[in-house]
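Below is one structure; the comments refer to it alone.
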Amino acid sequence: MSDSQSERFAEVAVFSALDKTLHYVVPSHLCERLQIGIRVLVPLGRREATGLIVALHERRPDASAGIALRPIRAVLDSSPIVPEDLICLCKWMASYYFYPLGEVLQTALPSGTGSSPQTLFALTSTGKEKCTAEKDSTLLGLLAERDATSLEEITRALPSEKNIRHKLKVLEEKSLIERIFRWQNPQPGPKKIKSLQLLAPPESEQMERSVPLRLLVQLLDDAGGTLPLRVLRQTVPNLDYWVRKLQKQGAVQVLETVEFREFQCAQSLPPSPAPTLTPHQKKVFEAILPHIEQSSFQPFLLFGVTGSGKTEIYLQLVEKTVAAGKGALILVPEIALSTQMEAFFRQRFGSRLAIWHSGLPAGARYDQWSEILSGKRDVVLGVRSAIFMPIPRLGLIIVDEEHDASYKQDDRLRYHARDAALMRASMLGIPILLGSATPSLQSIHHSQNNRYTTLTLPGRIFDRPLPDLQVVDMRREMRGNRILSKPLREALEETKQNGRQALLFLNRRGFATFYLCNSCGYVPQCTACSVSLTYHQKADRLRCHYCGWEQTVPEACPQCGNTILTPHGFGTERVEEEVRKLLPSARIVRIDRDTVNHPLDMVRSLDAVRQRQADVLIGTQMIAKGHDFPNITLVGIINGDTALQIADFRAGETMVQLLMQVAGRAGRGEEPGRVILQTYNPTHYTIESVVRMDYSSFCARELESREKLQYPPFTRFLKLLVTASDETTTRLAAMELGVLCREVALELRDKDCHVAVLGPAPAPLAKLKSRYRWHLFIKAWTNREMQLFTETVLNRGKNHPALRRVQLSVDRDPMMSV
DNA sequence: AGCACGCCGACT
DNA sequence: GTCGGCGTGCTC
């Protein structure tokens, strides 16, 4: 074997679904340029792949014993694009969420940065000669016409041709064709623009003669000597002529400069000094500050109702963090919430602020990321995936509205950004602040166990009163309107008369929930998903809310032929119609997934409401989050119990959090607010807790019941989801997985590892986007047990033929557990 | 995930 | 006999 003593080795996480890292030999000419965290091009079988260096070794790693290591082909970055601390976090995520490290790292990079080159086939010089000599096979003919062609393109161009792969291999062996590797889509990168720089003043004679030249010089002078050609072209006639002429004289120079793609959602606020903290705020601030200064890991749970002044504490803590030369990360649930936050942070931190959310175009996203990496922007405000931002010297993490479900990613890498943030903070040894008016029971539990330091902001700022909350028992409203009860109708009229705004909340969009055949009870269902279709009046069509399928309302029942199908239930669209009937002159804004396609649509709608361009705002969950509408004095909760029907142990928690948030919308201005809660279960303890606005007693009761039933946070859950396009395959695989799980559970009892296996059963959405779904739940008492059990099951599952035919996904700490 | 290998049935 | 299908296993 190799006797070279100076040989070095690199451990690479390839950006593909490989569940382990691979080792490569570092060629001596690349040795200098290799560092942990840079991307490399490596050979992988017959392909070329991109990966990230996660470790460098002086000696041959034991893990690679008996394998002929291949050399790294090329280095793609001049400096690390993933800092070591972030690699550590990704490693933890890969192992905790059972996901390949390479793919975790890909999620941590702006799209395209983690892509691999495509394999293309092209004629060699001998191949070209052969091709002109004799018009050979269609395959060679095709390759002669095109330059380099991918396998997919060839298959598309020659559908009748069979076994293309094999034929290509034969041609390659004869050296007629070769493989070349190329990135298909342009890699994201900085936006480069051409600018003109003034080096010396042009000859005065020339200046006197030409007006455009004088204008050009004037503009450049005013701008400090350099301006983009794009800008100059707008005002200077004949610009290109003058540029060429002055270039020849050596008076100007055309530079290629990088332009930062700014992307601002929020309105700009005029700069203003930081307000003095109230005594309560100050107490919270002072509890956290030493941990920022000394860099020590400590989770804080900040318990404060909406309007209690959490944001100002965040701002001042971040100010202290950056003043100490460290970076700060602030996570927020979603874009619309971030816009108000963005306005405040922009006002305070200006161009030191980077924002990160799904509404960002790819170019702006790349620029934000690269300026974060370079340390130019050290305050990062973003949604879930901002947990992956490469912030140098990170010194503080804040997770606002930490209970929010949008922190959990629901596909692929199913991570929880709050939990990942806690891990990142603990790895770095820095404080983390979790803020919420209604913390998750998990966090409440930790704070009771003193794992988190609890801080409280009592009351609302300026001592605004809590809104007056009235429960309407909808069982007694049967004779009247089942959508808008009498008290709500009256309150709406009054609010409109007073020139105030109202918010109506319900968690169902569309007009009617479903259509029902009056004679046989048939309900039109989506063929790809096992849900009933929702009627949308504006489009006069039935829609699937899961896959987007649309169809017309059937004229006759396909089951019994009856022609009478009637709509049942109601959604936001129907509420809008009811309000229009009641208040014909009201300006109504509806916010749900039908009116909001792009994240920015919502920002625009919410701004319209804030600027009083609407009287009534109707919406789904999307509007429940902490938006600040000072002029809203009435909040109507149309259906305050739908969440209870969901068979999830967290349904009560989610509902109380949501209702309390919505109720908190009322009366954030000077006026006191009013909340009307319509429900069919006025005596349910979740409703009673909301009425009393008493979150702590709800938590106490809920925790007690969770402990009795051994549910999280007292235990850990994990969901195994089996999906396939064939129903039987899915069911059989799920059954086999169930047997395997029980086998493993029994075996591991000897190793002091106890888990409970629940299921398998068809998932609540038994079919989604034409794929059948079965799931299993694992309950464990510790993380260690869960880790050992799941690793064992997944390892053994690899050699089960039935499981290889399906897709198996793992969801650790799932949000929806039935 | 790709991609190759290898084992089987169906066609020249 | 090969061609072409898909199941199985590996990629440093």
Side-chain angles (χ1 to χ4, degrees), chain A residues 1-2 7-27 30 34 39-57 59-74 94 98-107 114-121 137-139 150-155 158-173 177-184 411-413 723-726 729 732-733 736 794-810:
Chain A
M1 292 250 99
S2 171
E7 222 169 29
R8 293 170 128 249
F9 303 90
E11 199 174 331
V12 177
V14 175
F15 295 139
S16 106
L18 284 169
D19 53 3
K20 37 183 179 171
T21 53
L22 302 178
H23 301 273
Y24 289 87
V25 174
V26 177
L30 294 180
L34 285 190
R39 287 175 306 159
V40 285
L41 198 61
V42 292
L44 183 69
R46 308 209 56 192
R47 290 175 288 159
E48 239 169 38
T50 312
L52 196 89
I53 302 213
V54 294
L56 288 165
H57 303 281
R59 292 217 213 115
R60 201 180 205 280
D62 295 342
S64 69
I67 299 166
L69 298 189
R70 299 168 75 183
I72 285 175
R73 285 263 161 82
F98 303 98
Y99 212 73
L101 178 59
E103 290 195 274
V104 177
L105 288 163
Q106 242 176 330
T107 4
S115 64
S116 284
Q118 215 186 3
T119 307
L120 302 173
F121 296 91
S137 69
T138 41
L139 200 54
S150 70
L151 185 63
E152 297 92 84
E153 273 181 273
I154 298 170
T155 321
L158 305 167
S160 54
E161 196 85 8
K162 292 284 150 69
N163 222 356
I164 293 169
R165 207 168 235 143
H166 179 250
K167 283 172 187 160
L168 285 171
K169 201 189 159 202
V170 173
L171 290 171
E172 198 181 357
E173 274 159 10
I177 63 165
E178 63 186 344
R179 280 159 194 264
I180 55 174
F181 303 98
R182 196 185 290 158
W183 269 277
Q184 193 189 15
D411 63 334
R412 295 191 287 252
L413 172 61
T723 63
S725 48
D726 178 75
T729 312
L732 292 177
E736 175 134 359
L794 293 179
N795 265 327
R796 292 219 202 141
K798 282 181 197 158
N799 345 313
H800 280 63
L803 288 174
R804 267 207 288 258
R805 265 179 257 143
V806 298
Q807 198 191 308
L808 173 62
S809 59
V810 183

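Throughout, a chain's letter reflects where its sequence line sits, starting with A, and its residues are numbered from 1. Given the structure is predicted, the values throughout are model-derived calculations rather than measurements.
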Exercise for review: Assess whether side-chain contact (heavy atoms from CB on, under 4.5 Å) is satisfied between A/Leu732 and A/Glu736, documenting all intermediate values.
Suggested key: CA-CA 6 Å; A/Leu732 292 177; A/Glu736 175 134 359; over 6 Å; no

Review point. Reckon A/Thr119 has a side-chain N or O less than 4.0 Å from the OP1 or OP2 of B/dG2?
Key: no

Point to revise | Close approaches to DNA chain C from residues 44-54 of chain A, in residue order (heavy atom, under 4.0 Å) | key: A/Leu44, A/Gly45, A/Arg47

Exercise for review: Using a 4.0 Å heavy-atom cut-off across all strands, classify A/Pro100 as base, sugar-phosphate, or nothing.
Suggested key: nothing

Check your understanding: Reckon A/Arg804 has a side-chain N or O less than 4.0 Å from the OP1 or OP2 of C/dG7?
Key -> no

Exercise for review: Please report, rounded to the nearest Å, how far the C1' atom of B/dA1 is from the CZ atom of A/Arg412.
Suggested key: 14 Å

Check your understanding: Please give, in whole Å, the distance from C/dC3 P to A/Lys167 NZ?
Key -> 9 Å

**Study point:** A/Val25 and A/Phe9, any side-chain heavy atoms less than 4.5 Å apart
**Key:** yes

Exercise for review: Answer yes or no: is there a side-chain heavy-atom contact under 4.5 Å between A/Phe121 and A/Arg179?
Suggested key: yes

Point to revise | Near-strand residues of residues 8-16 of chain A, defined as heavy-atom separation under 4.0 angstrom from DNA chain C | key: none

Check your understanding: Do any N or O atoms from the side chain of A/Arg70 and from the backbone of A/Gly45 form a donor-acceptor pair under 3.5 angstrom?
Key -> yes

Review point. Where do A/Leu120 and A/Phe181 land on the side-chain contact (heavy atoms from CB on, under 4.5 Å) test, with the steps shown first?
Key: CA-CA 6 Å; A/Leu120 302 173; A/Phe181 303 98; over 6 Å; no

Review point. Salt bridge between A/Arg46 and A/Glu172, side-chain N to carboxylate O under 4.0 Å?
Key: yes

Practice item. Provide, to the nearest angstrom, the distance between the NE2 atom belonging to A/His800 and the P atom belonging to C/dT8. Key: 13 Å

Practice item. Determine, for nucleotides 7-12 of chain B in 5'-to-3' order, which nucleotides have protein heavy atoms under 4.0 Å from the base (write B), from only the sugar-phosphate (write S), or from neither (write -). Key: ------

Check your understanding: For A/Arg805, which contact category applies under a 4.0 Å heavy-atom criterion: base, sugar-phosphate, or nothing?
Key -> nothing

Check your understanding: Just wondering, more than 12 heavy atoms not from A/His800 lying within 6.0 Å of its NE2?
Key -> yes

Exercise for review: Provide, to the nearest angstrom, the distance between the CG atom belonging to A/Leu105 and the C1' atom belonging to B/dA1.
Suggested key: 16 Å

Exercise for review: To the nearest Å, give me how far apart CG (A/Leu803) and P (C/dT8) are.
Suggested key: 12 Å

Check your understanding: Can you find a heavy atom in the side chain of A/Leu794 that is under 4.5 Å from one in the side chain of A/Leu808?
Key -> yes

Check your understanding: Run the side-chain contact (heavy atoms from CB on, under 4.5 Å) check on A/Leu69 and A/Arg60 step by step: do they pass?
Key -> CA-CA 9 Å; A/Leu69 298 189; A/Arg60 201 180 205 280; 3.5 Å; yes

Exercise for review: Give A/Lys20 one of three labels, base, sugar-phosphate or nothing, depending on what nucleic acid heavy atoms sit under 4.0 Å from its own.
Suggested key: base

Check your understanding: Under 3.5 Å, is there a donor-acceptor pair between the side chain of A/Ser64 and the main chain of A/Ile67?
Key -> no

**Study point:** A/Leu18 side-chain proximity, nearest of B/dC5, C/dT11, C/dC12
**Key:** C/dT11

**Study point:** Any donor-acceptor N/O pair, A/Tyr99 side chain to A/Val810 backbone, under 3.5 Å
**Key:** no

Review point. Roughly, in whole Å, what's the span from CG in A/Leu22 to C1' in B/dG2?
Key: 13 Å

**Study point:** Sugar-phosphate, base or nothing in reach of A/Thr21, heavy atoms under 4.0 Å
**Key:** nothing

Point to revise | Value in whole Å for how far the P atom of C/dC12 lies from CZ of A/Arg70 | key: 5 Å

Practice item. Take the protein atom CD1 of A/Ile164 and the nucleotide atom P of B/dA4, then report the distance between them rounded to whole Å. Key: 14 Å

Check your understanding: Quick one: does A/Ser116's side chain have a donor or acceptor within less than 3.5 Å of a partner on A/Thr50's backbone?
Key -> yes

Review point. OP1 or OP2 of C/dT8 less than 4.0 angstrom from a side-chain nitrogen or oxygen of A/Lys798, does that happen here?
Key: no

